[in-house]
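Some notes on the structure that comes next.
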Amino acid sequence: MMDGAPPINEVLSPRKLGRLILRILKNQLALDTVLDDVNNAKSQEEAYKACFTKPTIGRFGILPNPRNFLPPPYAVDNWEKDSEFARQFFCGANPVMIEVAKDPETQLSKNMVSHFGKDKLQELTDNNQLLFVSYDDLADLKVNPHQMYPLPMNNESGPDGGPAPQVHPTFFYAPIVAFTYDYDKDELDVLGIQLERTDDARVYTKNTCGENEWIAVKCQVVAADSNMHQWVNHLGKTHFTMEPHIIASYNTLRQARHPLYTFLRQTSRAARGSLVKYDANAFGDYQSPVGVGQVMQLINKMWSRYSFFESTGLPNELASRGFTEDVQIPAYLYREDGMKLWNAIGGFATDFVDEVFDSDEAVASDEVVQEWAKETTDPDKGAVKGFPTSFEDKETVAKVLQTIMWMASGLHAAVNFPQYDEFAYVPNKPWHLRADLSTMPKDDAEIREWMFENMFPHINTDDDWLRKSTNTLVTDEHAAIDSLAMVHLLTTPSESCLDNLSDRFEKIGTEAYDKFLKNLNVISEEIEARNEEAEKANKAPYNYLNPSNVPSSIDI
């Protein structure tokens, strides 16, 4: 991890900063056009849908809306469907949690095995049709609820600058979700959900729940998934994990003006943990039920299991979740597009290394490259487990370059850029929930209104102190619109994507990049053709790993 400010040339460029400011201004302009509709909505459910701008304006609705900066995502009309709930585990913001079951008796709970039957689950497993997600790391955290403004760090958050009232709890479960995959329909479906980790925990299914109860159960799952996504698989596995590579390559390759830095320079954007700062107004506390202190516990768990090639190299990471080469699931588009991009990056890295080194002996005798390996792996410096402690051949250097570029480009793009499509409409992907199911009405007809009034994050609040607060991050519109504004900013498109870097490889790597660019163009054409067919069928496109959309660095 980095201690102190990053190197000056590793922070956001003035141009990028200007584009972010413009994005914020557009966001505010768009919100100004919708807030009256939000505040005047007849119900909380209507208020959530009113958060988005319309494509046209005017009395007859035929004039283009110049402020249409917050269009409604696909999820607004599809979030309740089981097919969409399941699809997002393949193609959403957190596509790195789902696993192919190999041994259901040990990978699923006893409750689930008992509920569905060992033989049925084993048959599904034998056909590679049983998949699951298990939020085990959340189960080790402190029992709910977590206050949005926890004492004693919030002495300036409440009325008149005093402590905030402890009346804003947020909740999370540590669910286990089982899925089945239909190879004929090429579609994932939900088999069952277990929210609690007790011996008598209920296993929820669509057939044993009321319609609205089933929606509430799924919402508890996505809230848990949101926290694992934001803190571990996004912040932890890309931003934080990238930091030691940025520093080590800067201190060695950059300082020596080594040609390898031309390749790595595209990945050098420093990201810090501002979202997990610990103070009275911590963003991680009021948006996340886990709380800032426990966020770092989750990241520590991730880092304790981390190994460079095994955890970040895409084929190894996929195999660790059961997606081996013999398991073909075409609907898992993160894997399908990711492997194309991974292989293209690998070819580029190999060709680039061939231009820099003429033999393995040249690698082994390069003192700067050896110093890079040493600093990256030194327990008192980079401390990256699984990274080579020395370089003896070109193949290893190329593999390292491939893995680092994948992490900073494809992996980060896959977990960052779906955020507007998923999180903007809060019921589809809430960061926190204000109630667990213990207070849910028994009458299924009453549950829907209860979810919007009592379970989902606030759109507004009756607490005058919270509404008028000027020393917290909470705006007048409160957490739901805060979330919308945040993900709109985080998904600002990059100007330095993988397919427009020709000027950076003018002096070295020119032939390698030209070949890489041709491969990227083929991948883009394949993805765009598939997305056209998806849109014709009224299905969600998957464009996050289209090379023309994938930044070459973590620049947001």
Side-chain angles (χ1 to χ4, degrees), residues 82 85-90 92 94-141 173-208 217-218 220-221 224-225 228-229 232-233 237 298 301-302 304-307 309-332 334-336 338-339 386:
D82 285 0
F85 171 82
R87 185 196 68 84
Q88 290 181 16
F89 284 90
F90 271 171
N94 196 22
V96 296
M97 289 289 295
I98 194 164
E99 301 184 45
V100 178
K102 301 298 183 183
D103 184 2
E105 289 193 76
T106 60
Q107 292 175 310
L108 301 181
S109 67
K110 293 181 180 178
N111 309 56
M112 278 195 162
V113 174
S114 175
H115 183 92
F116 294 111
K118 180 173 64 175
D119 293 341
K120 176 183 177 180
L121 294 177
Q122 190 59 53
E123 181 181 357
L124 290 169
T125 299
D126 293 341
N127 294 322
N128 291 324
Q129 289 181 279
L130 181 64
L131 296 91
F132 72 99
V133 174
S134 187
Y135 299 90
D136 298 338
D137 286 353
L138 291 178
D140 296 332
L141 301 185
Y173 290 100
I176 304 171
V177 188
F179 301 91
T180 56
Y181 186 72
D182 188 325
Y183 282 89
D184 293 329
K185 295 181 179 179
D186 201 17
E187 189 172 274
L188 193 66
D189 196 10
V190 192
L191 180 63
I193 296 170
Q194 179 181 319
L195 293 178
E196 297 177 303
R197 296 295 179 114
T198 58
D199 291 338
D200 60 347
R202 178 181 171 183
V203 175
Y204 298 87
T205 68
K206 186 175 184 177
N207 295 332
T208 60
V217 170
K218 291 188 293 181
Q220 295 290 342
V221 172
D225 189 74
M228 287 300 296
H229 163 259
V232 178
N233 296 325
K237 290 186 178 180
L298 288 175
K301 282 178 175 290
M302 177 214 82
S304 70
R305 299 188 290 257
Y306 183 82
S307 180
F309 288 124
E310 297 301 315
S311 303
T312 302
L314 182 58
N316 292 334
E317 191 280 323
L318 287 168
S320 73
R321 293 186 285 115
F323 291 97
T324 49
E325 291 185 4
D326 61 309
V327 179
Q328 296 299 315
I329 299 181
Y332 191 14
Y334 165 73
R335 179 202 196 187
E336 295 295 303
M339 283 303 301

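We number each residue from 1, following the sequence as shown.
- Take S307 and apply the side chain to side chain contact (heavy atoms under 4.5 Å, CB included) test, not counting sequence neighbours, and it matches E310, S311.
- With sequence neighbours excluded, the residues satisfying side-chain hydrogen bond (donor to acceptor under 3.5 Å, both in side chains) with N233 are N94, K237.
- Residues satisfying the salt bridge (Lys or Arg N to Asp or Glu O under 4.0 Å) criterion with K301, sequence neighbours excluded, are D140.
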Problem set entry | Chi angles and distances behind the salt bridge (Lys or Arg N to Asp or Glu O under 4.0 Å) call for K206, D189 | CA-CA 11 Å; K206 186 175 184 177; D189 196 10; over 6 Å; no
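- Counting heavy atoms from C-beta on, the side chains of L318 and M339 come closer than 4.5 Å.
- Not counting sequence neighbours, S304 has no partner by the side-chain hydrogen bond (donor to acceptor under 3.5 Å, both in side chains) test.
- Sorted by first and then second residue, the side chain to side chain donor-acceptor pair (under 3.5 Å) pairs involving residues 104-116 (not counting sequence neighbours) are D103-T106, S109-Q194.
- Other residues, nucleotides and ligands contribute only 12 or fewer heavy atoms inside 6.0 Å of the CG atom of D199.
- Counting all heavy atoms, side chain and backbone alike, P104 lies closest to L130 at CB-CD2, 3.9 Å.
- In terms of heavy-atom proximity, D184 sits nearest to D182 at N-OD1, 2.9 Å.
- Nearest approach of F116 to L191, heavy atoms of both residues: CZ-O, 3.5 Å.
- For the 3.5 Å distance criterion, the side chains of D326 and T324 qualify, holding a donor opposite an acceptor.
- D136 pairs by the salt bridge (Lys or Arg N to Asp or Glu O under 4.0 Å) definition with R197, not counting sequence neighbours.
- Annotation: side chain to side chain contact (heavy atoms under 4.5 Å, CB included) contacts of P95 (sequence neighbours excluded): Y332, Y334, V415.
- Here F309 contributes atom CZ and N316 contributes atom CG; the two are 9.0 Å apart, rounded to the nearest 0.5 Å.
- Scored by the side-chain hydrogen bond (donor to acceptor under 3.5 Å, both in side chains) test, Y183 finds no partners at all (sequence neighbours excluded).
- The two residues T125 and A101 come nearest to each other via the heavy atoms CG2-O, 3.3 Å.
- Summarising the geometry of S134 relative to I176, their closest heavy-atom pair is OG-CG1, 3.6 Å, with the distance given to 0.1 Å.
- Side-chain contact between I98 and L188: present, with at least one pair of heavy atoms (C-beta onward) separated by less than 4.5 Å.
- Put simply, CD1 on I329 and CD on E187 are 13.5 Å apart, with the number rounded to the nearest 0.5 Å.
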For this session: Decide side-chain contact (heavy atoms from CB on, under 4.5 Å) for V177 and K218; before the verdict, give the C-alpha distance in whole Å, the side-chain angles of both, and the deciding distance to 0.1 Å.
Result: CA-CA 9 Å; V177 188; K218 291 188 293 181; over 6 Å; no
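- With sequence neighbours excluded, the residues that form a side chain to side chain contact (heavy atoms under 4.5 Å, CB included) with E123 are N127.
- In this structure, L131 and F89 have side chains that are not in contact, with every pair of non-hydrogen atoms separated by 4.5 Å or more.
- For the salt bridge (Lys or Arg N to Asp or Glu O under 4.0 Å) test, no residue two or more places apart in sequence or in another chain qualifies with K118.
- The salt bridge (Lys or Arg N to Asp or Glu O under 4.0 Å) check on E317 picks up R321, with sequence neighbours excluded.
- In terms of the side chain to side chain contact (heavy atoms under 4.5 Å, CB included) criterion, residue partners of Q220 (sequence neighbours excluded) are, by chain and number, Y173, L195, L433, L437, M455.
- Taking CG of D82 as the reference point, atom CZ of F179 lies at 10.0 Å (rounded to 0.5 Å).
- The shortest distance between side-chain heavy atoms of R305 and D137 falls below 4.5 Å.
- A pairwise comparison of heavy atoms in Y135 and D225 identifies OH-OD1, 2.7 Å as the closest pair.
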Problem set entry | Criterion side-chain contact (heavy atoms from CB on, under 4.5 Å) on L141 and L298, from CA distance to verdict | CA-CA 9 Å; L141 301 185; L298 288 175; 4.0 Å; yes
